[in-house]
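Note: hydrogens, waters and symmetry copies are ignored here, and every other heavy atom, side chains too, is used. Counting convention: from 1, in listed order, for ligands and their atoms alike. This structure is a prediction, so every number in the text was calculated from the model and none was measured.
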Amino acid sequence: MPEKVFVFDTTLRDGEQSPGCSMNLAEKLEMARQLDRLGVDIMEAGFPIASQGDFEAVKAVSAEIRRPVIAALARAVPLDINRAWEALKEAERPRIHTFLATSDIHLQFKLRKTRAQILKQISEAVGLARSLCADVEFSPEDAGRTDRNYLVECCHAAVEAGATVLNLPDTVGYCFESEYEQMFAFVKARVPGMDKVILSTHTHNDLGLAVANTLGGIRGGARQVECTINGIGERAGNAALEEFVMALHVRRDAVPVFTEIRTEELYPSSQMLSRLTGVAVQRNKAIVGLNAFAHEAGIHQDGVLKNAITYEIMKPETVGMPSNHIVLGKHSGRHALSKRFEDLGYQLTKPELEHAYEAFCRLADRKKQVYDEDLIAIVDEGFHNIPEMFTVKLFQSVSSSEGRSTATVELEKEGEVFHDSATAEGPCDAAFRAVDRITGVPGTIVDFSVHTVGAGKEGIAEVSVRARFEGREFSGKSVSHNVVEAAGRAYLQAANKAAYEVKRRGEGASVGAKPVHANAIVDRFFPGGY
Ligand code: KIV
Ligand code: ZN
C-alpha cells in the first residue's frame with residue numbers, strides 16, 4: 001500500500017532568507033495562498049525572532065491560512081521559542097520548529113559547547129516547545145556531518161522531550177544519496193519510539209544533489225520532505241518542490257509513496273514566486289522552465305508529433321504549463337478574456353479583470369496573436385492588493401548608438417498628471433530617472449533582467465526589476481512589446497510598493513510596528529500625511 005509523504009514547504013523561510021528572494025508581508029500572504037492551493041501539508045511561514053517582518057508574516061499567515069499546518073522556526077532557546085509561539089498562536093494547526101547544531105564542527109567552532117551541554121539544551125528546548133504546542137519539530141542542524149551515534153542520542157533526547165517530527169538536515173549540501181539514505185535508516189532503527197514520530201528530509205543543493213538526496217531520505221524511511229518552490233534557498237538552494245513531487249509522480253512504479261500536491265498548480269506557483277521576488281526561473285529548469293517541454297531538434301519534433309510519449313515523460317498540462325495555442329486577438333472582449341483566464345486556472349475579481357483587459361488591449365494592439373503565456377505574463381505582472389499611487393499615462397524614449405538616450409514619462413496620481421524627462425547612457429536608465437524625477441524618491445537598481453515571452457518577432461519583453469529605496473529592496477515586473485516601457489512600468493511598480501510599505505508601517509497596521517516618521521517617500525506619495 002503506497003504511503004503518503006507530507007510536503008513541508010519552506011519557501012517563506014529558508015527560501016525567503018536567501019539573497020534576492022525577500023518578500024514583504026503582502027507578497028508573503030499572496031504566496032501563502034498559492035501554497036495552500038498547491039496543497040502543501042505544512043508551510044513554514046518564517047523565523048519570528050529574526051525580524052519584526054518575519055514575526056508579522058507568521059502571525060498573518062497563521063490567522064488566514066487554515067488548512068495546512070503552519071510552522072515557525074526557533075533556535076533552541078526560550079526567547080525564540082516563546083516568540084515563535086506568540087506568532088503562531090492563532091493558527092488552526094500550529095507547529096514550533098526548533099533546531100540546534102549537533103556536528104562536532106558546529107559545536108567546536110560555532111557554539112563552543114560540549115556534546116553533553118547540547119543534549120541538555122535539546123531536552124529543555126523541545127520540552128518548552130511541547131509545553132506550548134502539541135506539534136513540535138526538532139532539527140539537529142548539520143545532521144549530515146554529525147557523528148551517527150551521537151545523532152541517535154540527540155534524536156532520542158528530542159523524542160523523549162516530546163518531538164513529533166524529527167528533521168535530519170543536510171545543512172551544507174555535503175551528503176551523497178546513499179549516505180543520506182543510510183542516516184535515516186540508522187536513526188529509525190535505533191531511536192526508541194520512532195513509530196510515533198515522522199522523519200523528515202531537509203536538503204541543500206551545494207553539490208546539485210538536493211532532490212536526489214530527498215529521494216534517498218524517503219527510501220531510508222522519511223515521510224516528510226522539506227523543500228521550496230523553484231528550489232530557492234540558502235546558497236545553491238533547497239530541494240525543489242516541483243522536482244521531487246514530479247519525480248514521485250512520474251516514477252510511482254519505482255517508489256511506493258505519493259504526495260497530495262495538485263500538480264497543475266506547480267507552474268503557476270513557480271511563476272508567482274518569480275514575479276514576487278523578481279528572480280527569474282532559468283529556461284532549462286526541470287519541470288517549470290520555459291524549455292522544459294520545448295522540443296527543438298528536428299528528430300525530436302518529428303517523434304513528438306507522431307506520439308508525445310517518444311520524448312515526453314509527462315505532459316505540460318500536468319504541471320499547469322499552458323500550451324502555446326492562439327487564444328485571443330484585438331477584437332476579443334472582456335467575456336472571452338475572462339473565460340480564457342478561467343480555463344487557465346485564474347479566478348479574477350472584477351477590478352483585476354479590468355486591469356488585465358487594459359493590459360491585454362495594449363498588447364493586442366501591437367501583436368496579432370495573444371497566446372496563453374502572454375495572458376499569464378499579464379496576470380503575473382500583478383494585481384496584488386497593493387494600490388498604485390502613481391499610474392502610467394505614457395512612456396516615450398529616444399535612443400541612438402551615438403550619445404545619450406532620453407525618456408519622457410507621464411504619470412497620474414489622484415487625477416493629476418505629472419510629466420518629466422531625463423537622459424542617461426541607456427533608455428531604460430533614462431526612464432528610471434524620469435520616474436524618479438516625478439516621484440521624488442530615487443531608487444537604486446539592484447537587479448534587472450529581461451526575458452522574452454513567446455516566440456520570434458511576436459515575442460514580448462518581460463522585465464524584472466529589483467530596486468533599493470531608502471535602504472529597502474522592492475521588486476517589480478512588467479510585460480510589453482517595448483522593452484523600455486516594460487522596464488519603466490516594472491520600476492514604477494517597485495516604487496509603488498516601497499511607498500505602500502512605508503504607509504503600512506506608518507499606520508501601525510501590524511503588531512508592534514513602529515510609526516515611520518515623515519521621509520522622502522511619505523512626503524512625496526502622501527503629501528497630506530496619512
Ligand atoms: O539547513 C538547515 O539546517 C536548516 C534548519 C534550520 C532546518 O534550514
Ligand atoms: Zn536549510
Side-chain angles (χ1 to χ4, degrees), residues 6-19 21-22 42-51 54 58 69-77 79-81 83-84 87-88 95-107 109-111 118 121-122 125-126 129 135-146 150-151 154-155 158 163-175 179-180 183-184 187 197-211 213-214 216-217 222 224-241 244:
F6 290 86
V7 177
F8 177 117
D9 179 274
T10 182
T11 303
L12 299 175
R13 197 279 297 170
D14 217 341
E16 201 263 350
Q17 77 191 35
S18 62
C21 292
S22 56
I42 303 108
M43 70 175 82
E44 189 163 52
F47 189 4
I49 198 74
S51 69
D54 257 41
V58 175
V69 171
I70 308 298
L73 189 68
R75 286 169 302 179
V77 292
L79 186 72
D80 285 34
I81 293 170
R83 190 76 173 144
L88 279 173
R95 176 184 294 178
I96 297 176
H97 175 193
T98 185
F99 72 100
L100 183 61
T102 51
S103 68
D104 287 335
I105 297 171
H106 279 237
L107 263 59
F109 298 109
K110 186 179 87 175
L111 300 174
I118 295 293
Q121 194 176 336
I122 293 172
V126 174
D135 190 358
V136 174
E137 172 169 333
F138 174 68
S139 293
E141 191 190 6
D142 205 15
R145 292 189 300 172
T146 298
Y150 180 59
L151 180 63
C154 293
C155 291
T164 46
V165 180
L166 270 183
N167 176 44
L168 306 183
D170 180 16
T171 303
V172 290
Y174 174 79
C175 292
E179 288 169 313
Y180 198 60
M183 174 170 71
F184 280 83
V187 166
V197 175
I198 294 182
L199 272 174
S200 170
T201 66
H202 180 110
T203 57
H204 280 270
N205 210 24
D206 299 67
L207 295 174
L209 297 173
V211 171
N213 286 348
T214 296
Q224 175 182 287
V225 166
E226 301 198 355
C227 48
T228 58
I229 302 292
N230 295 341
I232 64 166
E234 281 287 344
R235 307 179 309 279
N238 290 58
L241 182 150
F244 104 86

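Contact check for His202 versus Asp14: side-chain heavy atoms found under the 4.5 Å cut-off. Taking the side chain as every heavy atom from C-beta outward, Phe8 and Val69 never approach each other to under 4.5 Å.
For atom 4 (C) of ligand 1, the nearest non-hydrogen atom of the protein is His202 NE2, 3.5 Å. Regarding atom 3 (O) of ligand 1, its nearest protein heavy-atom neighbour is Thr171 OG1, 2.6 Å. Nearest to atom 5 (C) of ligand 1 among the protein's heavy atoms is Arg13 NH2, 4.0 Å.
Heavy atoms from other residues, nucleotides or ligands lying under 6.0 Å from OH of Tyr150 number more than 12.
Draw a line from the Zn ion (ligand 2) to OD2 of Asp14 and another to NE2 of His204, and the angle between them is 100° (to 10°).
If you number the atoms of ligand 1 from 1 as listed, the ones under 4.0 Å from a heavy atom of Glu141 come out as 3 (O). Atoms of ligand 1 found under 4.0 Å from any heavy atom of Ser139 (numbered from 1 in listed order, with element): 7 (C).
Not one N or O on the side chain of Ser200 forms a donor-acceptor pair closer than 3.5 Å with the backbone of Asn167. Under a 3.5 Å cut-off, the side chain of Thr228 and the backbone N or O of Ile232 do form a donor-acceptor pair.
For His202, the N, O or S atom with the smallest separation from the Zn ion (ligand 2) is NE2.
Residue-to-ligand polar distances place His204 within reach of ligand 1: an N/O pair is separated by less than 3.5 Å. Backbone and side-chain nitrogen or oxygen atoms of Asp14 are examined, and one is located within less than 3.5 angstrom of a nitrogen or oxygen of ligand 1.
Looking at Glu141 and Lys110, a side-chain N of the basic residue comes within less than 4.0 Å of a carboxylate O on the acidic one, giving a salt bridge.
Under 2.8 Å from the Zn ion (ligand 2) lies no N/O/S atom of Glu226, from backbone or side chain alike.
Closest heavy-atom contact between Val126 and Ala163: CG1-N, 3.6 Å.
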